[in-house]
Participant: 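Quick one: the structure is below, questions incoming.
Lettering follows sequence order; numbering is per chain, from 1.
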Number of protein chains: 2
Amino acid sequence: MRRRDRAGADAPADDARRGLSRRQLLLGGAVAGAGAAAAIGADAVARVATAAPAAPAELLHGDAVVPFHGAHQAAFTIPPQAHATMVALDLLPETDAEGLRRLLRILSDDASRLTQGEAALADSEPELALVPARLTATIGLGPAAVALAGAAVPTWLAPLPAFAIDALEDAWSGGDLLLEVAGDDPLTVAHAQRMLLKGTRSFARIRWVQSGFRRSHGAEAQGTTMRNLFGQVDGTVNPQPGDADFDGLVFIRDGWLAGGTSLVVRRIRMDLDTWDRLDRPGREQSVGRTLANGAPLTGTREHDEPDFAALTPIGFPVIPEFSHMRRARSDDPSQRFHRRAFNYDERPAGASVSESGMLFTAAQADPLAQFVPIQQRLSDLDLLNEWTTPIGSAVFAIPPGCEEGGFVGETLFG
Amino acid sequence: MRRRDRAGADAPADDARRGLSRRQLLLGGAVAGAGAAAAIGADAVARVATAAPAAPAELLHGDAVVPFHGAHQAAFTIPPQAHATMVALDLLPETDAEGLRRLLRILSDDASRLTQGEAALADSEPELALVPARLTATIGLGPAAVALAGAAVPTWLAPLPAFAIDALEDAWSGGDLLLEVAGDDPLTVAHAQRMLLKGTRSFARIRWVQSGFRRSHGAEAQGTTMRNLFGQVDGTVNPQPGDADFDGLVFIRDGWLAGGTSLVVRRIRMDLDTWDRLDRPGREQSVGRTLANGAPLTGTREHDEPDFAALTPIGFPVIPEFSHMRRARSDDPSQRFHRRAFNYDERPAGASVSESGMLFTAAQADPLAQFVPIQQRLSDLDLLNEWTTPIGSAVFAIPPGCEEGGFVGETLFG
């Protein structure tokens with residue numbers, strides 16, 4: 001847990017809790033990226049805890065803010081939040097480049113306020129904005145939006161190549177614009193989503209909405225790798241904001257997307273009913289990791305390096321060839337990306353007792369070079385495919401962040 | 001925040017965090033009811049915080065447990081959790097009294113484990129059970145389930161009288177059984193819901209599933225009254241577990257339901273699009289409270305007693321006759337109930353940018369005497385009706401809690 005000074009100065013000691021925390025606390029993990037000032041370490045937290053030991057509630061995570069402005073859009077500079085909603089929009093036929101420019105300005109302006117725990121400009125429920133809880137709002141552009149600017153559409157900004165495992169549904173695929181609202185509080189996310197969508201009404205209509213969740217803030221120790229609804233530790237090998245190779249893998253270096261990235265969004269249905277029929281060893285072999293703590297089957301701790309050469313006494317690989325972890329790993333270190341996933345668990349239909357899965361996202365500088373080869377390997381052979389089905393897919397260009405007074409997309413529409 | 005010793009003894013000081021907290025912490029507010037031991041106050045928390053000031057994360061709310069066994073079902077002994085899912089089930093035609101008895105035993109057994117952070121007996125993903133986060137599982141019976149036992153069905157255990165404001169949909173109404181799974185962590189709730197529902201497969205099928213949320217745990221100071229998606233402070237006047245009059249209002253005194261209660265579940269659609277057209281004074285008048293802090297329009301603080309006689313300079317009541325707060329208050333102090341509500345915000349359809357509302361529950365000893373008169377007053381005249389529509393309704397009998405080795409429903413099926 002870090003404490004961060006947003007205003008650049010400590011609050012007076014007698015400042016009210018709200019004033020202190022609203023302006024000064026950034027709870028919830030590492031802060032990285034050019035837009036973020038240096039984080040103050042655990043000593044600051046200790047000071048607060050010692051000064052008011054009977055009221056640890058003063059460190060309300062609802063007060064935690066993530067700076068909106070900076071070189072990158074903010075979601076890619078922090079650990080994932082507990083709740084996320086992704087909305088894909090289609091531009092109305094009458095929306096021209098100037099209209100889209102205006103929409104991006106409005107969205108950026110609203111997002112710059114809401115994420116800081118302030119009401120949007122025309123906020124109809126301003127009180128709901130006062131608990132930021134690490135709210136971020138990320139704006140992405142689909143191919144049609146980039147084309148509207150008259151710019152060359154990057155080769156990768158198109159539907160992914162078809163994979164044999166896909167059973168894509170239009171209802172979860174594509175889109176001209178992406179709005180991802182994420183935060184540690186579901187009421188804040190709901191309010192921000194609505195305020196931002198209200199600004200889009202004259203320019204676009206909703207194509208799809210997908211929501212997901214991870215562990216709630218503070219339920220587990222920070223840095224705990226998430227588990228999916230199969231019970232698996234999911235995402236152990238994953239470059240994180242702040243890692244030495246993160247920026248190089250994730251952020252684009254040139255052109256109007258410099259400082260931006262690409263985001264692949266996949267909706268992956270997980271068939272819990274058939275998964276139920278698989279025993280525990282079978283489940284562990286399908287991934288190559290233990291269910292207990294996610295250690296490779298050749299190790300004891302989650303982050304142990306797997307030994308792919310290790311054999312069982314009768315000569316089979318301990319980590320099977322068809323295991324997800326083996327297929328997901330490439331010998332080429334450039335074939336990596338930053339994954340961020342959220343579980344979904346919706347109202348079941350028919351005789352099923354669940355309709356569940358994962359809202360999976362991958363951020364990388366170049367999806368064709370980094371994501372697609374891995375996805376192809378998984379499509380070709382991955383035992384997990386038996387119980388998972390990609391039913392939605394979309395790719396968005398994520399423009400860089402902006403500074404105060406600017407807007408996301410200004411490098412294209414400025 | 002309270003700290004509670006479940007095992008009846010303090011853990012050794014050198015106990016591991018997990019061991020300590022799993023067994024000993026009950027975070028998240030007042031503990032009441034006969035099933036709950038005395039709560040240890042803030043001093044214990046202070047001691048922990050002082051001993052390890054640099055690691056307040058040791059107080060992970062994911063470790064907080066609510067005792068399953070006791071005189072009352074546990075959800076009615078604690079402040080509401082952040083997430084709740086209610087599932088109504090219809091009994092299969094072939095399910096007889098003995099089948100239902102077995103189902104209640106299975107559900108109680110699974111619930112008694114899951115709520116304590118332990119895997120269910122046939123848990124297919126046991127690791128997902130390890131973060132209880134104040135998980136509760138509440139079991140309710142509809143009229144058909146009570147009739148199956150050969151018992152007299154209470155008069156109130158039937159659809160509520162029709163109200164003029166209702167636009168009830170079958171998809172959200174009725175049911176033979178209720179399962180409410182609530183907790184501060186959405187992954188835990190999803191897992192528990194699935195484990196419990198798996199046990200029902202041979203006996204019942206899902207009729208409806210409704211989920212909702214409040215502020216996440218630790219986002220706001222404890223005891224903060226919730227806000228709904230209209231932005232209103234919602235539920236200021238509400239008997240809480242631990243209040244002197246709570247048990248008398250909520251728990252039934254006689255017969256097989258002694259220690260139990262009745263639960264009215266209403267799904268109330270809130271039309272945010274038309275609500276948007278109402279200005280701030282109009283919104284405040286519709287409820288009779290300020291939006292800023294929920295104070296009565298005649299007061300300054302949320303819990304100020306309203307002055308219904310106060311008049312504006314031109315002679316109108318300051319708190320309008322048609323305001324929700326005025327209509328919701330009866331002169332008869334027995335016409336009160338314990339409300340517990342959760343917001344819902346679903347995928348919008350068509351041109352709307354929201355599909356939102358409230359999953360409202362009311363617990364009381366007698367719904368006909370306590371809830372219906374108030375609901376009738378609100379149906380007859382309540383300006384809020386302009387923007388809200390009840391679209392679902394159900395009434396369930398909530399049996400008392402059980403002791404170890406027993407099961408919920410044993411007073412009827414034992």
Participant: Using a strict 4.0 Å threshold on nitrogen-to-oxygen distance, state whether B:D276 and A:K198 make a salt bridge.
Facilitator: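 Salt bridge present between B:D276 and A:K198.
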
Participant: Taking every heavy-atom pair that is under 4.5 Å apart, which of B:G231, B:P126, B:P186 has the most such pairs with chain A?
Facilitator: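 Max contact count across the listed options: B:P186.
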
Participant: Testing the basics here: between A:S216 and B:H61, what is the closest heavy-atom pair and its distance to 0.1 Å?
Facilitator: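 A:S216 and B:H61 have their closest heavy atoms at OG-CE1, 3.0 Å.
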
Participant: Heavy-atom pairs under 4.5 Å with chain A: which of B:Q193, B:H191, B:R201 has the most?
Facilitator: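 Winner by heavy-atom pair count: B:R201.
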
Participant: Rounded to the nearest 0.5 Å, what's the gap from CG on A:D271 to CH2 on A:W387? Could you check?
Facilitator: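 CH2 of A:W387 is found 10.5 Å from CG of A:D271.
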
Participant: Calculate, to the nearest 0.5 Å, the distance between atoms CG and CZ belonging to B:D184 and B:R134 respectively.
Facilitator: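 Spacing of CG (B:D184) from CZ (B:R134) equals 4.0 Å.
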
Participant: With a 4.0 Å cut-off on N to O distance, would you call A:E125 and B:R283 a salt bridge?
Facilitator: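 Result for this pair is yes, salt bridge flagged.
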
Participant: So which part of B:T188 gets closer than 4.5 Å to some heavy atom of chain A, the side chain, the backbone, both or neither?
Facilitator: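 Both parts, heavy atoms under 4.5 Å.
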
Participant: Under 4.5 Å from any heavy atom of chain A, what part of B:D279 do you find: side chain, backbone, both or neither?
Facilitator: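 Nothing of B:D279, per the 4.5 Å heavy-atom cut-off to chain A.
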
Participant: Strictly below 4.0 Å, N to O, side chains only: are B:R347 and A:E346 in salt-bridge contact?
Facilitator: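 Looking at A:E346 together with B:R347, the answer is yes, because their closest N to O distance falls below 4.0 Å.
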
Participant: Is the charged tip of B:R267 near the ring of B:Y344: under 6.0 Å from the six-membered ring centre and within 45° of its axis?
Facilitator: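 Checked: cation-pi criterion met.
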
Participant: Non-hydrogen atoms of chain B under 4.5 Å away: do they reach the side chain of A:A133, the backbone, both or neither?
Facilitator: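 Neither part.
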
Participant: Side chain, backbone, both or neither: which part of B:R214 has an atom under 4.5 Å from a heavy atom of chain A?
Facilitator: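 For B:R214, the backbone is the part near chain A, not the side chain.
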
Participant: With a 4.5 angstrom heavy-atom cut-off, which part of B:Q232 approaches chain A: side chain, backbone, both or neither?
Facilitator: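 Contact with chain A is absent: no heavy atom of B:Q232 under 4.5 Å.
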
Participant: Can you tell me which portion of B:D185 sits under 4.5 Å from chain A's heavy atoms? Options are side chain, backbone, both or neither.
Facilitator: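 Both parts, heavy atoms under 4.5 Å.
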
Participant: Can you say whether A:L278 sits under 4.5 Å from chain B via the side chain, the backbone, both, or neither, judging by heavy atoms?
Facilitator: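 No part of A:L278 comes within 4.5 Å of chain B.
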
Participant: So for A:W275, is it side chain, backbone, both, or neither that comes closer than 4.5 Å to the heavy atoms of chain B?
Facilitator: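 The answer is the side chain of A:W275.
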
Participant: Please look at A:L291 and chain B and tell me whether the side chain, the backbone, both or neither of the residue comes under 4.5 angstrom of a heavy atom of that chain.
Facilitator: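 Both backbone and side chain.
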
Participant: Answer with yes or no after comparing the ring centroid distance for A:H83 and B:H83 against a 6.0 Å cut-off, counting only values under it.
Facilitator: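 Between B:H83 and A:H83, which both carry aromatic rings, the centre distance is below 6.0 Å.
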
Participant: Is it the side chain or the backbone of A:R215 that comes within 4.5 Å of chain B heavy atoms, both, or neither?
Facilitator: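 Both parts, backbone and side chain.
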
Participant: Which bit of A:N293 comes within less than 4.5 Å of chain B, counting heavy atoms only: side chain, backbone, both or neither?
Facilitator: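 For A:N293, no heavy atom lies under 4.5 Å from chain B.
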
Participant: Select one option (side chain, backbone, both, neither) describing which atoms of B:A292 are under 4.5 Å from chain A's heavy atoms.
Facilitator: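 Both parts, heavy atoms under 4.5 Å.
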
Participant: Are any of the side-chain nitrogens in A:D123 or A:R194 under 4.0 Å away from the carboxylate oxygens of its partner?
Facilitator: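 The answer is no: the pair does not qualify as a salt bridge.
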
Participant: Using a cut-off of under 4.5 Å for heavy-atom pairs, which of B:P348, B:S356, B:A190, B:S211 has the most such pairs with chain A?
Facilitator: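 Ranked by heavy-atom pairs under 4.5 Å with chain A, first place is B:A190.
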
Participant: Name the region of B:L128, side chain, backbone, both or neither, that has any atom closer than 4.5 Å to a heavy atom of chain A.
Facilitator: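 Both parts, heavy atoms under 4.5 Å.
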
Participant: Assess, by modelled atom type and distance only, whether the side chains of B:T236 and B:E302 contain a donor and an acceptor separated by less than 3.5 Å.
Facilitator: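 Looking only at side-chain atoms, B:E302 and B:T236 do form a donor-acceptor pair, the distance falling under 3.5 Å.
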
